S.K.: 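Here it is: the structure, laid out below.
Remember, predicted model here, so these are calculated numbers, not experimental data.
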Amino acid sequence: MSVSRNLGLAFGIMLSLVASSAAWSADDYKLGPDSMVQEGVPQGTVTKLEWKSDEKTGVFPGTVRDYWIYVPKQYDGSQPACVMVFQDGGGYAGATGQFRATVVMDNLIHKKEMPVTIGVFINPGNIPATSEGGKPRSNRSFEYDTVSDQYSRFLLDEMLPAIGKDYKLTTEARGRAICGISSGGICAWTVAWHRPDAFSKVLSHVGSFTNIRGGHVYPAMIRKTEKKPIRVFLQDGSGDLDNLHGNWPLANQDMAAALKFAKYDYRFEFGDGGHNGKHGGAILPESMKWLWRDYAEGK
(Lines give C-alpha, C1' and ligand atoms only; values in the text may rest on other atoms or scores of the structure.)
Protein backbone atom coordinates (compact mmCIF):
# COMPACT_ATOMS: atom_id res chain seq x y z
CA MET A 1 0.00 0.00 0.00
CA SER A 2 1.47 3.42 -0.95
CA VAL A 3 2.14 6.24 1.52
CA SER A 4 -0.43 8.45 -0.18
CA ARG A 5 -3.02 5.71 0.08
CA ASN A 6 -2.15 5.23 3.76
CA LEU A 7 -2.56 8.97 4.40
CA GLY A 8 -5.83 9.03 2.48
CA LEU A 9 -7.20 6.12 4.49
CA ALA A 10 -6.12 7.70 7.77
CA PHE A 11 -7.65 11.03 6.78
CA GLY A 12 -10.90 9.30 5.84
CA ILE A 13 -11.04 7.49 9.18
CA MET A 14 -10.37 10.77 11.00
CA LEU A 15 -13.19 12.54 9.14
CA SER A 16 -15.52 9.66 9.90
CA LEU A 17 -14.68 9.82 13.60
CA VAL A 18 -15.12 13.61 13.68
CA ALA A 19 -18.46 13.35 11.87
CA SER A 20 -19.75 10.61 14.16
CA SER A 21 -18.57 12.53 17.23
CA ALA A 22 -20.32 15.70 16.02
CA ALA A 23 -23.50 13.79 15.28
CA TRP A 24 -23.39 12.29 18.74
CA SER A 25 -22.67 15.54 20.56
CA ALA A 26 -24.98 17.91 18.68
CA ASP A 27 -27.59 19.30 21.07
CA ASP A 28 -26.71 16.62 23.63
CA TYR A 29 -26.70 18.80 26.73
CA LYS A 30 -27.24 17.40 30.20
CA LEU A 31 -28.38 19.03 33.42
CA GLY A 32 -25.84 19.20 36.22
CA PRO A 33 -26.20 18.87 40.01
CA ASP A 34 -27.25 22.51 40.55
CA SER A 35 -30.35 21.78 38.45
CA MET A 36 -31.37 18.89 40.70
CA VAL A 37 -33.17 18.94 44.03
CA GLN A 38 -30.45 18.56 46.67
CA GLU A 39 -30.82 17.01 50.09
CA GLY A 40 -30.51 19.60 52.84
CA VAL A 41 -31.22 22.58 50.56
CA PRO A 42 -34.25 24.64 51.65
CA GLN A 43 -36.92 24.74 48.96
CA GLY A 44 -38.82 27.89 48.16
CA THR A 45 -42.54 28.08 47.49
CA VAL A 46 -44.10 28.52 44.05
CA THR A 47 -47.60 29.99 43.73
CA LYS A 48 -49.58 30.10 40.50
CA LEU A 49 -51.74 33.16 39.88
CA GLU A 50 -53.65 34.87 37.06
CA TRP A 51 -53.22 38.43 35.86
CA LYS A 52 -55.92 40.34 33.99
CA SER A 53 -54.90 43.65 32.45
CA ASP A 54 -57.43 46.43 32.69
CA GLU A 55 -59.49 46.96 29.54
CA LYS A 56 -58.84 50.69 29.55
CA THR A 57 -55.64 51.39 31.43
CA GLY A 58 -53.58 48.24 30.83
CA VAL A 59 -50.52 48.35 28.60
CA PHE A 60 -51.94 45.24 26.91
CA PRO A 61 -55.60 45.94 27.57
CA GLY A 62 -57.87 43.00 28.32
CA THR A 63 -55.14 40.36 28.14
CA VAL A 64 -55.17 37.44 30.57
CA ARG A 65 -52.11 35.44 31.60
CA ASP A 66 -50.84 32.95 34.15
CA TYR A 67 -47.86 33.81 36.30
CA TRP A 68 -45.95 32.18 39.13
CA ILE A 69 -44.23 33.71 42.16
CA TYR A 70 -41.20 31.91 43.58
CA VAL A 71 -40.27 32.90 47.12
CA PRO A 72 -37.03 31.43 48.51
CA LYS A 73 -37.05 29.96 51.99
CA GLN A 74 -34.50 32.56 53.07
CA TYR A 75 -36.85 35.47 52.38
CA ASP A 76 -38.30 36.83 55.64
CA GLY A 77 -39.49 40.27 54.55
CA SER A 78 -37.01 42.14 56.72
CA GLN A 79 -34.99 43.33 53.71
CA PRO A 80 -35.94 43.98 50.08
CA ALA A 81 -35.37 40.90 47.94
CA CYS A 82 -33.78 40.95 44.53
CA VAL A 83 -36.08 40.21 41.60
CA MET A 84 -35.69 38.06 38.50
CA VAL A 85 -38.40 38.09 35.83
CA PHE A 86 -38.80 35.24 33.34
CA GLN A 87 -40.77 35.47 30.09
CA ASP A 88 -42.62 32.28 29.05
CA GLY A 89 -42.64 31.70 32.78
CA GLY A 90 -44.37 28.33 32.73
CA GLY A 91 -41.41 26.84 30.87
CA TYR A 92 -38.92 28.09 33.44
CA ALA A 93 -40.70 27.70 36.76
CA GLY A 94 -41.21 23.93 36.96
CA ALA A 95 -39.04 21.54 38.96
CA THR A 96 -38.83 19.35 35.84
CA GLY A 97 -38.06 20.14 32.21
CA GLN A 98 -35.16 21.87 30.50
CA PHE A 99 -34.68 24.84 32.85
CA ARG A 100 -35.82 24.06 36.42
CA ALA A 101 -35.09 27.66 37.34
CA THR A 102 -36.67 27.48 40.79
CA VAL A 103 -34.52 24.46 41.68
CA VAL A 104 -31.43 26.28 40.43
CA MET A 105 -32.37 29.31 42.52
CA ASP A 106 -32.87 27.13 45.62
CA ASN A 107 -29.37 25.69 45.21
CA LEU A 108 -27.54 28.91 44.33
CA ILE A 109 -29.22 30.99 47.04
CA HIS A 110 -28.38 28.28 49.58
CA LYS A 111 -24.71 28.38 48.51
CA LYS A 112 -24.75 32.22 48.49
CA GLU A 113 -23.84 32.21 44.81
CA MET A 114 -26.78 34.51 44.14
CA PRO A 115 -28.73 36.79 46.49
CA VAL A 116 -32.11 36.11 48.05
CA THR A 117 -34.23 36.61 44.95
CA ILE A 118 -37.96 36.45 44.30
CA GLY A 119 -38.71 34.94 40.90
CA VAL A 120 -41.57 36.26 38.77
CA PHE A 121 -42.45 33.80 36.01
CA ILE A 122 -44.86 35.36 33.52
CA ASN A 123 -46.59 33.76 30.56
CA PRO A 124 -47.45 35.89 27.52
CA GLY A 125 -50.95 37.28 27.48
CA ASN A 126 -53.94 35.86 25.68
CA ILE A 127 -56.80 37.89 24.25
CA PRO A 128 -60.03 36.14 25.28
CA ALA A 129 -62.37 34.87 22.58
CA THR A 130 -65.15 37.28 21.66
CA SER A 131 -67.64 34.63 20.56
CA GLU A 132 -69.00 31.53 22.20
CA GLY A 133 -66.87 28.53 21.32
CA GLY A 134 -64.09 30.72 19.99
CA LYS A 135 -60.43 30.39 20.93
CA PRO A 136 -58.28 33.02 22.64
CA ARG A 137 -55.57 34.71 20.59
CA SER A 138 -51.97 34.70 21.75
CA ASN A 139 -50.45 38.14 22.25
CA ARG A 140 -46.93 36.70 22.60
CA SER A 141 -45.20 38.06 19.50
CA PHE A 142 -46.72 41.51 19.90
CA GLU A 143 -45.56 41.69 23.52
CA TYR A 144 -42.13 40.11 23.11
CA ASP A 145 -40.88 40.98 19.61
CA THR A 146 -41.86 44.66 19.52
CA VAL A 147 -38.81 46.80 20.24
CA SER A 148 -40.65 49.57 22.11
CA ASP A 149 -40.87 50.25 25.85
CA GLN A 150 -44.33 48.70 26.20
CA TYR A 151 -43.32 45.48 27.94
CA SER A 152 -41.10 47.36 30.39
CA ARG A 153 -44.09 49.57 31.21
CA PHE A 154 -46.25 46.48 31.69
CA LEU A 155 -43.77 45.13 34.24
CA LEU A 156 -42.96 48.38 36.01
CA ASP A 157 -46.38 50.04 36.00
CA GLU A 158 -48.64 47.01 36.43
CA MET A 159 -47.19 43.71 37.59
CA LEU A 160 -44.28 44.52 39.88
CA PRO A 161 -46.14 47.19 41.89
CA ALA A 162 -48.95 44.70 42.49
CA ILE A 163 -46.52 41.96 43.54
CA GLY A 164 -44.73 44.51 45.70
CA LYS A 165 -47.83 44.84 47.86
CA ASP A 166 -47.24 41.31 49.16
CA TYR A 167 -43.44 41.12 49.03
CA LYS A 168 -40.69 43.61 49.73
CA LEU A 169 -38.87 43.97 46.40
CA THR A 170 -35.76 46.00 45.63
CA THR A 171 -36.14 48.95 43.28
CA GLU A 172 -32.39 49.06 42.52
CA ALA A 173 -31.47 48.10 38.98
CA ARG A 174 -28.45 46.08 40.16
CA GLY A 175 -30.87 43.85 42.08
CA ARG A 176 -33.13 43.14 39.12
CA ALA A 177 -32.59 40.64 36.31
CA ILE A 178 -34.74 39.53 33.40
CA CYS A 179 -34.62 36.34 31.34
CA GLY A 180 -36.33 34.72 28.37
CA ILE A 181 -36.07 32.24 25.53
CA SER A 182 -36.51 32.96 21.82
CA SER A 183 -38.83 35.98 21.51
CA GLY A 184 -38.73 36.13 25.30
CA GLY A 185 -34.96 36.54 25.02
CA ILE A 186 -35.12 39.64 22.85
CA CYS A 187 -37.90 40.90 25.11
CA ALA A 188 -35.58 40.63 28.11
CA TRP A 189 -32.97 42.72 26.28
CA THR A 190 -35.59 45.25 25.15
CA VAL A 191 -36.78 45.79 28.72
CA ALA A 192 -33.27 46.51 29.96
CA TRP A 193 -32.41 48.58 26.88
CA HIS A 194 -35.34 50.91 27.51
CA ARG A 195 -35.12 50.85 31.30
CA PRO A 196 -31.53 50.21 32.42
CA ASP A 197 -32.44 52.19 35.52
CA ALA A 198 -34.80 49.35 36.47
CA PHE A 199 -33.13 46.18 35.11
CA SER A 200 -29.36 45.78 34.89
CA LYS A 201 -29.03 42.05 34.16
CA VAL A 202 -30.22 40.15 31.06
CA LEU A 203 -30.19 36.43 30.27
CA SER A 204 -31.20 35.46 26.73
CA HIS A 205 -31.61 31.89 25.50
CA VAL A 206 -31.68 31.48 21.67
CA GLY A 207 -32.84 35.09 21.51
CA SER A 208 -34.82 36.19 18.45
CA PHE A 209 -32.66 39.16 17.44
CA THR A 210 -34.10 38.91 13.95
CA ASN A 211 -36.62 40.82 11.87
CA ILE A 212 -39.84 39.45 13.35
CA ARG A 213 -40.83 42.95 14.44
CA GLY A 214 -37.63 44.89 13.83
CA GLY A 215 -35.30 43.33 16.41
CA HIS A 216 -32.51 42.93 13.87
CA VAL A 217 -31.63 46.62 14.41
CA TYR A 218 -30.18 46.08 17.87
CA PRO A 219 -26.53 45.39 16.92
CA ALA A 220 -26.39 48.67 14.99
CA MET A 221 -28.13 50.53 17.83
CA ILE A 222 -25.72 49.09 20.40
CA ARG A 223 -22.73 50.25 18.34
CA LYS A 224 -24.07 53.80 17.88
CA THR A 225 -25.52 54.40 21.35
CA GLU A 226 -23.60 55.30 24.50
CA LYS A 227 -23.04 52.16 26.55
CA LYS A 228 -25.83 51.44 29.01
CA PRO A 229 -25.27 49.87 32.45
CA ILE A 230 -26.46 46.38 31.42
CA ARG A 231 -24.80 43.02 32.02
CA VAL A 232 -25.93 40.46 29.46
CA PHE A 233 -25.48 36.72 29.00
CA LEU A 234 -26.35 35.39 25.51
CA GLN A 235 -26.70 31.71 24.57
CA ASP A 236 -27.28 30.27 21.12
CA GLY A 237 -26.29 27.33 18.94
CA SER A 238 -25.18 26.63 15.39
CA GLY A 239 -28.32 24.57 14.79
CA ASP A 240 -30.71 27.42 15.57
CA LEU A 241 -33.34 28.74 13.14
CA ASP A 242 -32.81 30.13 9.65
CA ASN A 243 -36.04 31.39 8.07
CA LEU A 244 -37.73 34.40 6.49
CA HIS A 245 -37.19 36.46 9.65
CA GLY A 246 -33.44 35.90 9.65
CA ASN A 247 -30.67 33.60 10.80
CA TRP A 248 -30.64 33.17 14.58
CA PRO A 249 -27.00 32.02 14.95
CA LEU A 250 -25.74 34.94 12.85
CA ALA A 251 -28.01 37.39 14.66
CA ASN A 252 -26.75 36.31 18.08
CA GLN A 253 -23.13 36.45 16.91
CA ASP A 254 -23.80 39.94 15.57
CA MET A 255 -25.23 40.92 18.97
CA ALA A 256 -22.17 39.54 20.74
CA ALA A 257 -19.82 41.39 18.38
CA ALA A 258 -21.69 44.66 18.96
CA LEU A 259 -21.63 44.19 22.73
CA LYS A 260 -17.89 43.56 22.57
CA PHE A 261 -17.33 46.62 20.39
CA ALA A 262 -19.33 48.81 22.80
CA LYS A 263 -17.43 47.33 25.80
CA TYR A 264 -20.46 45.87 27.55
CA ASP A 265 -20.13 43.43 30.42
CA TYR A 266 -21.29 40.45 28.38
CA ARG A 267 -20.78 36.74 27.87
CA PHE A 268 -21.74 34.67 24.84
CA GLU A 269 -22.00 30.89 24.91
CA PHE A 270 -22.31 29.46 21.40
CA GLY A 271 -22.91 25.73 21.16
CA ASP A 272 -24.20 23.26 18.60
CA GLY A 273 -27.84 23.18 19.68
CA GLY A 274 -31.10 24.09 18.02
CA HIS A 275 -33.98 26.39 18.90
CA ASN A 276 -34.72 24.93 22.31
CA GLY A 277 -33.75 25.15 25.96
CA LYS A 278 -31.36 22.20 26.20
CA HIS A 279 -28.12 24.16 26.15
CA GLY A 280 -29.55 27.12 28.06
CA GLY A 281 -30.94 24.80 30.71
CA ALA A 282 -27.66 22.92 31.09
CA ILE A 283 -25.74 26.15 31.71
CA LEU A 284 -28.47 27.98 33.65
CA PRO A 285 -26.66 27.63 37.00
CA GLU A 286 -23.42 28.95 35.49
CA SER A 287 -25.33 31.76 33.76
CA MET A 288 -27.08 32.81 36.96
CA LYS A 289 -23.84 32.77 38.97
CA TRP A 290 -22.17 34.93 36.33
CA LEU A 291 -25.06 37.43 36.27
CA TRP A 292 -25.18 37.77 40.05
CA ARG A 293 -21.45 37.57 40.71
CA ASP A 294 -21.22 41.10 42.11
CA TYR A 295 -23.49 40.06 44.98
CA ALA A 296 -21.45 36.91 45.61
CA GLU A 297 -18.31 39.07 45.70
CA GLY A 298 -19.96 41.53 48.05
CA LYS A 299 -19.83 44.47 45.64
Side-chain angles (χ1 to χ4, degrees), residues 59 81-89 92 101 114-115 117-122 124 140 143-161 163-164 169-210 212-236 251-252 254-269 280 284 287-295 299:
V59 176
C82 292
V83 182
M84 190 158 185
V85 176
F86 296 78
Q87 277 68 248
D88 290 312
Y92 280 96
M114 68 176 290
T117 303
I118 288 178
V120 182
F121 298 82
I122 309 171
R140 183 176 184 271
E143 293 178 8
Y144 289 179
D145 293 308
T146 303
V147 296
S148 73
D149 70 345
Q150 59 186 4
Y151 197 82
S152 62
R153 288 189 289 110
F154 167 69
L155 292 178
L156 296 170
D157 296 345
E158 292 186 44
M159 290 214 69
L160 291 183
I163 295 168
L169 307 177
T170 185
T171 57
E172 293 184 339
R174 68 185 291 268
R176 287 177 167 180
I178 187 163
C179 171
I181 184 171
S182 187
S183 293
I186 190 175
C187 179
W189 170 259
T190 297
V191 167
W193 178 258
H194 284 285
R195 292 298 305 271
D197 61 313
F199 286 91
S200 69
K201 297 172 173 64
V202 173
L203 176 53
S204 169
H205 297 123
V206 295
S208 299
F209 297 101
T210 53
I212 298 176
R213 293 178 183 266
H216 63 298
V217 302
Y218 272 130
M221 292 171 65
I222 291 167
R223 289 175 180 271
K224 294 187 176 184
T225 304
E226 183 178 351
K227 186 179 76 170
K228 301 186 180 189
I230 304 170
R231 175 180 296 167
V232 54
F233 191 111
L234 303 176
Q235 172 273 323
D236 198 31
N252 276 271
D254 201 9
M255 279 289 292
L259 291 166
K260 180 180 180 179
F261 173 82
K263 296 181 170 54
Y264 273 77
D265 183 6
Y266 85 101
R267 182 169 166 182
F268 180 40
E269 289 292 330
L284 184 61
S287 309
M288 300 273 269
K289 285 187 280 188
W290 184 86
L291 277 179
W292 292 104
R293 69 187 188 276
D294 50 351
Y295 277 84
K299 295 180 181 178

S.K.: Show your working on side-chain contact (heavy atoms from CB on, under 4.5 Å) between Ser183 and Arg140 and close with a plain yes or no.
M.R.: CA-CA 8 Å; Ser183 293; Arg140 183 176 184 271; 3.7 Å; yes
S.K.: Looking only at side chains, do Tyr218 and Thr190 share a donor and an acceptor under 3.5 Å apart?
M.R.: yes
S.K.: Please work out which of the three classes, parallel, tilted or perpendicular, describes the rings of Tyr151 and Phe154, given edges at 30° and 60°.
M.R.: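 Tilted, since the angle between the ring planes falls between 30° and 60°.
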S.K.: Using a 3.5 Å distance criterion without hydrogens, assess whether the side chain of Arg231 forms a donor-acceptor pair with backbone atoms of Leu291.
M.R.: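 It does hold such a pair.
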S.K.: Taking Ser148 for the side chain and Gln150 for the main chain, is one N or O donor matched with an acceptor at less than 3.5 Å?
M.R.: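 Checking the backbone N and O of Gln150 against the side chain of Ser148, a donor-acceptor pair under 3.5 Å is found.
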S.K.: Spell out, as yes or no, whether a donor-acceptor pair under 3.5 Å connects the side chain of Tyr264 to the backbone of Lys228.
M.R.: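 The answer is yes, because a donor-acceptor pair under 3.5 Å joins these two groups.
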S.K.: So, does Lys289 use its side chain to make a donor-acceptor pair with the main chain of Met114 at under 3.5 Å?
M.R.: no
S.K.: Checking the side chain of Tyr144 only, and the main-chain atoms of Ser182 only, is there a donor and an acceptor separated by less than 3.5 Å?
M.R.: no
S.K.: Distance check, rounded to the nearest 0.5 Å: Asp88 atom CG versus Cys187 atom SG?
M.R.: 9.0 Å
S.K.: Find the distance between CD1 (Ile178) and CD1 (Ile230) and round it off to the nearest 0.5 Å.
M.R.: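 Between Ile178 CD1 and Ile230 CD1, I get 11.0 Å after rounding to 0.5 Å.
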S.K.: Treating His194 as the side-chain partner and Val147 as the backbone partner, does any N or O pair qualify as donor plus acceptor under 3.5 Å?
M.R.: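 A pair under 3.5 Å: yes.
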S.K.: Please report the interatomic distance OH(Tyr266) to CH2(Trp290), rounded to the nearest 0.5 Å.
M.R.: 9.5 Å
S.K.: Check for a donor-acceptor pair, side chain of Arg174 on one end and backbone N or O of Ser200 on the other, with a separation under 3.5 Å.
M.R.: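 No, because the side chain of Arg174 does not come within donor-acceptor range (under 3.5 Å) of the backbone of Ser200.
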S.K.: Rounded to the nearest 0.5 Å, how far apart are CE of Met255 and CG of Leu234?
M.R.: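 Between atom CE of Met255 and atom CG of Leu234 there are 5.5 Å.
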S.K.: Looking at every heavy atom in both Ala192 and Val202, which two are closest together, and how far apart are they?
M.R.: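 It is CB-CG2, 3.4 Å.
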S.K.: Could you tell me whether a side-chain N or O of Lys227 sits under 3.5 Å from a main-chain N or O of Lys263, the two making a donor and an acceptor?
M.R.: yes
S.K.: Taking Asp149 first and then Arg153, would you say they form a salt bridge - that is, a charged N and a carboxylate O separated by under 4.0 Å?
M.R.: yes
